[in-house]
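Both backbone and side-chain heavy atoms feed into the values below; hydrogens, waters and symmetry mates do not.
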Amino acid sequence: MRTISAVLFIFSSLMFNLKATPPDPHSCSLPQQVVVQKVHLDLKVDFNQNILKGSAILDLQRADTMAPLWLDTRNLKILKIIDPQSGEICKYTLHPENQWLGSPLEIELKAGLTQVRIEYEASPEAAALQWLSPEQTLGKQHPFLFSQSQAILARSWMPIQDSPGVRFRFDATVQVPPGMMALMSAENPQKKSPDGKYSFKMNQPIPAYLMSLAVGDFEYKKIGRNTGVYAEPRALEAAAWEFSEMQDMLDAAENLYGAYQWEQYDVLLLPPSFPFGGMENPRITYATPTILAGDRSLVSLIAHELAHSWSGNLVTNATWNDFWLNEGFTVYFERRIMEALKGKPYADMLELLGWQDVHHTIEDFGKDSPSTCLKLKLDGKDPDDGMNDIAYEKGYFFLRTIENLVGREAFDAFLKRHFTANAFQSLNTETFLQQLYQYLLISEEDRNAIQVEKWVYQPGMPDNAPQPKAELFDKVSEQLTQDLPDAGIAKAWSTHEWLHYLRHLPEDISLARMEKMDNQFGFTQSGNSEILAEWFMLAFKRNYQPAYEAAERFIIQTGRRKFIVPLYKELAKTPKGKMLARSIYAKARPNYHFVARATLDDLLGA
Ligand code: BES
Ligand code: ZN
């Protein structure tokens, strides 16, 4: 299939003299020939069978009037495809499934046809969707459904050109059971509709990976002028309190890099099985409840997802090989927002924790591993397996290196231009570098000073990376020389300082010391997920039994991959631990979303 597409692509590029952007290795669609411009969804959410059922009308632009329409699908049941004007049937072929890429859907297009209507059903096993029973929710009364489309899972709940290089507008009507609310990456309701029918409109063009749908017993609370939060009623107040700085974040972001292009910015609080920390669905960021620490200490995650409204949602990576353009820029922007809100010493802590993370990752992969390059080569791979922290933190330090050389003022002007000039477009690494050379690193001398090629195409961390420093952490490090930190000093520590402390305890720490610390500071019982995850790591390394029961509960409760995967991995290092890991996983698996299951099935065996 791919070979045929590639040949067709080259052929059509020659015939139509199209810009020779390389095709996306993770989509069968050939947008240079026929591209979807607008989607009209009409869906019914069936919680009895856990299926979405309905239709998608696609508005098409046809550069090649002979070519068929190619769509990505995965596990979809295609019922019928028609011309919505005449009602005439369209011929189609659903090609055999190709692992994570799914089944290409090829639709013949008669002369002049610019719309098709596809009637379809998503499977109860749709990879993007998690269907939760009422018992798995806070309220216990209603079920819950949420989607996670990034990276290439949108195709499991709609037939679509599932490439970050293709953007479309959409509208939708969604029927849900009465008493429940539906939310999408679009203009959203703030109240439940009595008949369970909702209409949505997204006027800005977005790529498929940003399509989202959530259905549950939601209530809304406004936070600021154009910000607010959705959650199950029981968590609404806590979420609104924790995220009370959202409006300040949005104002700070606009101040830095220009107007917010999506009108409204809301957060939806998801159940703990959400496999990520956050997901930047346009207008409606999804967030894990594991950031409800009760002290607002983990809200840089909201700043991160908000920053994606510029880096990612406005200027989008063209393929998943360019993922660092989404995440590296977003981490940089996130830290600038946090600096604006909380000051430099705070942002310095985030940066230094990031530095520790990236070095850990490079050590894990090996400093010569191609997985540590910014530009990835994910062709022939499931992008979900190939995308890692490197995009985030190596990407961040690359941008910091440039900032250090040219100065903040020039760098900010460049970034502002970057978001304005490339708005609502996709960019690959090479086009970005061209612009970097054209507008910022104009002299050969500057380019050599940065070593751009090394940063982007070589593995490991270049030696001109700025070594970050955080004064607040120096004070923490001083406390590491004694058995326990001074209680008077530690009383004032934030989550980040504790993380720094825990990460720097000696690898062979004695069980007696762990117990003393645990008794004094209550790590095993902590309500802070980041501290718990760090502490349980140490507990597994040292076989500190008093934490095992709480650790097991945490792992079963939480589906956030960043926490559970390293914990399972650590546990599975010994034969006895592996047995325990497997038995915990057997209990936990029914609570996890598909993407967490996929990772852990590989790790532990299904
Ligand atoms: N867009 C990502 C989540 C993602 C990445 C989903 C790749 C699927 C594939 C999101 O913006 C993100 O980066 N989330 C982080 C939190 C952030 C603070 C680093 C996460 O989920 O941990
Ligand atoms: Zn992100």
Side-chain angles (χ1 to χ4, degrees), residues 50 75 99-100 123-138 143-148 150-151 153 156 270-277 279 286 288-291 360-361 364-365 381-389 523-526 528-606:
N50 289 355
N75 239 329
Q99 299 178 68
W100 51 86
S123 145
E125 270 79 52
L129 304 180
Q130 188 171 14
W131 299 83
L132 296 162
S133 66
E135 300 73 57
Q136 290 171 299
T137 67
L138 285 174
F144 197 125
L145 164 69
F146 70 86
S147 66
Q148 169 56 43
Q150 196 182 13
L153 306 180
S156 74
L270 285 190
S273 65
F274 183 49
F276 296 102
M279 177 63 213
Y286 285 8
T288 170
T290 60
I291 55 169
H360 195 120
T361 306
D364 272 3
F365 280 118
K381 287 193 197 151
D382 182 347
D384 193 59
D385 294 335
M387 293 150 74
N388 60 51
D389 282 31
F523 295 126
T524 300
Q525 309 306 329
S526 170
N528 185 306
S529 60
E530 293 280 349
I531 290 177
L532 278 180
E534 202 69 51
W535 176 248
F536 292 150
M537 245 350 233
L538 195 62
F540 287 168
K541 278 187 187 149
R542 301 299 304 136
N543 198 4
Y544 173 71
Q545 285 295 327
Y548 272 58
E549 210 184 290
E552 175 167 341
R553 244 182 291 124
F554 178 76
I555 295 172
I556 292 174
Q557 254 269 318
T558 315
R560 187 174 173 189
R561 241 181 3 184
K562 170 185 135 175
F563 290 150
I564 59 177
V565 171
L567 285 169
Y568 278 114
K569 269 191 184 155
E570 185 57 44
L571 205 52
K573 278 184 181 164
T574 67
K576 202 168 148 221
K578 188 152 192 173
M579 267 167 55
L580 179 57
R582 284 207 171 118
S583 94
I584 296 176
Y585 184 45
K587 290 182 235 172
R589 195 175 183 278
N591 293 327
Y592 292 163
H593 181 278
F594 168 85
V595 303
R597 286 184 194 179
T599 309
L600 291 165
D601 287 353
D602 278 355
L603 191 74
L604 299 169

| message | For a quick test of reading the model, state the closest non-hydrogen atom pair linking Pro383 to Trp100 and the distance between them. | response | CD-CD1, 4.2 Å
| Chi angles and distances behind the side-chain contact (heavy atoms from CB on, under 4.5 Å) call for His593, Phe146 | CA-CA 10 Å; His593 181 278; Phe146 70 86; 3.7 Å; yes
| message | Less than 4.5 Å apart, side chain to side chain, heavy atoms only: is that true for Lys562 and Glu530? | response | yes
| task | Identify, with sequence neighbours excluded, every residue that meets ring-ring contact (aromatic ring centres under 6.0 Å, His included) alongside Tyr548. | result | Phe540
Expected list for residues 576-583: side-chain donor-acceptor pairs under 3.5 angstrom, two or more places apart:
{"unit_1": "Arg582", "atom_1": "NE", "unit_2": "Leu604", "atom_2": "O", "d": "2.8"}
{"unit_1": "Arg582", "atom_1": "NH2", "unit_2": "Leu604", "atom_2": "O", "d": "3.3"}
{"unit_1": "Ser583", "atom_1": "OG", "unit_2": "Leu580", "atom_2": "O", "d": "3.3"}

| field | Any side-chain heavy-atom pair of Phe274 and Met279 under 4.5 Å | value | yes
| note | Output for pair (Asn543 CG, Leu538 CG), nearest 0.5 Å, gives 11.5 Å
| Looking at Arg561 and Asp384, does any basic side-chain N land under 4.0 Å from a carboxylate oxygen? | yes
| query | Quick check: does any side chain N or O of Gln148 sit under 3.5 Å from a backbone N or O of Gln150, one acting as donor and the other as acceptor? | reply | yes
| query | Side-chain contact, heavy-atom cut-off 4.5 Å: Pro143 with Pro134? | reply | yes
| query | Is there a donor-acceptor contact under 3.5 Å from the side chain of Gln525 to the main chain of Ala550? | reply | no
| message | Just checking Gln545: does its CD atom have more than 12 heavy atoms from other residues, nucleotides or ligands closer to it than 6.0 angstrom? | response | yes
| Donor-acceptor contact present, side-chain Arg589 to main-chain Arg597, <3.5 Å | no
| message | For a side-chain contact (heavy atoms from CB on, under 4.5 Å) check, start with the C-alpha distance between Phe365 and Asn388, then their side-chain angles and the critical distance, and finish with the verdict. | response | CA-CA 10 Å; Phe365 280 118; Asn388 60 51; 3.5 Å; yes
| Pro546 and Thr524: which non-hydrogen atoms are nearest, and at how many Å? | O-CG2, 3.9 Å
| task | Report the distance from atom CD1 of Ile564 to atom OH of Tyr592, rounding to the nearest 0.5 Å. | result | 3.5 Å
| said: Pairing donors with acceptors under 3.5 angstrom, does anything connect the side chains of Ser273 and Gln136? | reply: no
| Taking atom CD of Gln130 and atom CG of Leu145, what is their separation to the nearest 0.5 Å? | 9.5 Å
| message | Quick check: do Phe276 and Tyr286 have side-chain heavy atoms less than 4.5 Å from each other? | response | no
| Atom of Pro271, atom of Phe144 and distance for their closest heavy-atom approach | CD-CZ, 3.5 Å
| query | Has Lys541 got more than 12 heavy atoms of other residues, nucleotides or ligands less than 6.0 Å from its NZ? | reply | yes
Let me have the donor-acceptor pairs involving side chains of residues 553-560, under 3.5 Å, with sequence neighbours excluded, atom names and distances please.
{"unit_1": "Thr558", "atom_1": "OG1", "unit_2": "Phe554", "atom_2": "O", "d": "2.7"}
{"unit_1": "Arg560", "atom_1": "NH1", "unit_2": "Thr290", "atom_2": "OG1", "d": "3.1"}

| Which value, rounded to the nearest 0.5 Å, describes the distance between Asp382 atom CG and Thr599 atom OG1? | 9.0 Å
| note | Nearest heavy-atom contact between Ala533 and Leu567 is O-CD2, 4.0 Å
| message | Tell me the closest heavy-atom pair linking Ala547 and Trp535, and the distance in Å. | response | CB-NE1, 4.1 Å
| request: With the side chain counted from C-beta on, respond yes when Leu600 and Val565 share a heavy-atom pair under 4.5 Å apart, and no when they do not. | output: yes
